[in-house]
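Remarks on the structure that follows.
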Number of protein chains: 2
Amino acid sequence: MQPLPPAESLTQRLADSGLRATPQREVVYSVLLRKRDHPTAEEVFARVKSELPTISLATVYNCLETLVQCELVRAVNFERSPTRYCPNLRPHAHFHDDQTGRTYDIDLPPAVLAEVNQVLPAGFDASSVEITFRGQARPAS
Amino acid sequence: MQPLPPAESLTQRLADSGLRATPQREVVYSVLLRKRDHPTAEEVFARVKSELPTISLATVYNCLETLVQCELVRAVNFERSPTRYCPNLRPHAHFHDDQTGRTYDIDLPPAVLAEVNQVLPAGFDASSVEITFRGQARPAS
DNA sequence: ACCTTATTTGGAATAATTCCAATTCCAAGT
DNA sequence: ACTTGGAATTGGAATTATTCCAAATAAGGT
């Protein structure tokens, strides 16, 4: 079990960007933290509804986008399937199980990250790198 | 300049999969080989039209899908933007320039690929890995 | 309280892709 | 050559995820 980010970081991060901590944003974020199974926007929508029955799908998209902007959440894209959302802030790759469709986080040691960045020729300045595996998973844990 | 794959490999690969070498498939493939700028399906459609004015967009999608199945072409996805197509068969990553939108191939040495695969815990069996950089490019060549 | 701006909302619009049913095209067997 | 069955193509409709938009609501600073 990894340490979770402190709960107050949302309000903090939003404030840093001059944004407000609304109930919608808080619930969307808490839903992501509660069940870290890389839900789609629709899935987040369904989960948030039980707490905020009148929230709209557009708002869920807005909140998710805001959280991504604040760097509290990562948007994960796999092929052409709907975007999934991930509150894991540690450097990690994603593993997509072709059979089950489940997505797993794979921690990336700094050394590997460094080596991957080495492959860039002069003149290429990367602001981010995304590593995605596909295959079959039979995770131990 | 890298060696191009032999021209006859299309017919060969298709036959291997029990598929036919149609004019549409040939022209779509040749268009990809001729200008390797990671075009979208719409862009391929536009280029193919000059040679086959009556081809339909659906056929372009079909042909591209077929080429991907035959492993002659890779489908490249960036965020939510349209899929791009790439006939480079060497192991390589992609670099997406945020300013220009251009995509560059970055060769991946086998050693790096090996190290990246090392990060997978026991029980994860990857059939492929996708590495994508985003940032700013000022390529030497 | 008031004003200004941020945020939310529902519905319409968009964009990329896929689906579908109707031809058309081949290739193999007679 | 002629048929025939499956493959491939075609145009258009449908789907899906997401974004856009304009109106309504909420919230913080004065």
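Below, read A as the first sequence line, B as the second, and so on, with proteins coming before strands; counting in each chain starts at 1. Hydrogens, waters and symmetry mates play no part in the numbers below; they use all other heavy atoms, side chains included.
Residues satisfying the salt bridge (Lys or Arg N to Asp or Glu O under 4.0 Å) criterion with B:E71, sequence neighbours excluded, are absent altogether. With sequence neighbours left out, A:F78 forms a ring pair (Phe, Tyr, Trp, His ring centres under 6.0 Å) with A:H96. Remark: A:A41 engages A:Y61, A:L64, A:Y85 in a side chain to side chain contact (heavy atoms under 4.5 Å, CB included) (not counting sequence neighbours). Under the side chain to side chain contact (heavy atoms under 4.5 Å, CB included) criterion, B:T40 pairs with B:E42, B:E43, B:P82, B:R84, not counting sequence neighbours. Every residue two or more places apart in sequence or in another chain was checked for a salt bridge (Lys or Arg N to Asp or Glu O under 4.0 Å) with A:K49, and none qualifies. With sequence neighbours excluded, no residue forms a salt bridge (Lys or Arg N to Asp or Glu O under 4.0 Å) with B:E115. Partners of B:H94 according to the ring pair (Phe, Tyr, Trp, His ring centres under 6.0 Å) rule, which considers only residues two or more places apart in sequence or in another chain, are B:H38, B:H92.
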Taking only nitrogen or oxygen atoms into account, show me every contact under 3.5 Å that the protein makes with nucleotides 3-6 of chain C, one pair per line with its distance.
unit_1	atom_1	unit_2	atom_2	d
C:dA6	O4'	A:R20	NH1	3.4
C:dA6	O4'	A:R20	NH2	3.3

Extract from the structure each pairing of a protein N or O with an N or O of nucleotides 13-17 of chain C at less than 3.5 Å, listing the distance.
unit_1	atom_1	unit_2	atom_2	d
C:dT17	OP1	B:T83	N	2.8
C:dT17	OP1	B:T83	OG1	2.9
C:dT17	OP2	B:Y61	OH	2.6
C:dT17	O5'	B:Y61	OH	3.4

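Considering only heavy atoms from C-beta on, B:D107 stays 4.5 Å or farther from A:V119 through its side chain.
Straight-line distance from the CD atom of A:Q24 to the P atom of C:dT8: 5 Å, rounded to whole Å. A straight line from CD of A:E65 to C1' of C:dT9 spans 18 Å, rounded to a whole angstrom.
One finds a side-chain N or O of A:T59 lying less than 4.0 angstrom from the OP1 or OP2 phosphate oxygen of C:dT9.
Side-chain atoms of A:S17 do not come within 3.5 Å of backbone N or O of A:L19 as any donor-acceptor pair.
Using a 4.0 Å cutoff to heavy atoms of chain B, the contacted part of DNA chain D runs 5' to 3' from D:dG6 to D:dT18.
Aromatic rings from A:Y104 and B:F124 are positioned such that their centres are separated by under 6.0 Å.
For DNA chain D, the neighbouring residues in residues 46-55 of chain B, judged by any heavy atom under 4.0 Å, are B:T54, B:I55.
B:V73 and B:I106 fall into different hydrophobic clusters, defined by Ile, Leu, Val, Met, Phe, Trp and Tyr side-chain heavy atoms under 4.5 Å apart, directly or through other members. In the hydrophobic cluster analysis, where Ile, Leu, Val, Met, Phe, Trp and Tyr join through side-chain heavy atoms closer than 4.5 angstrom, B:V44 is grouped together with B:L14.
Applying the side chain to side chain donor-acceptor pair (under 3.5 Å) test to residues at least two apart or on different chains, none of the pairs has a partner in residues 119-128 of chain A.
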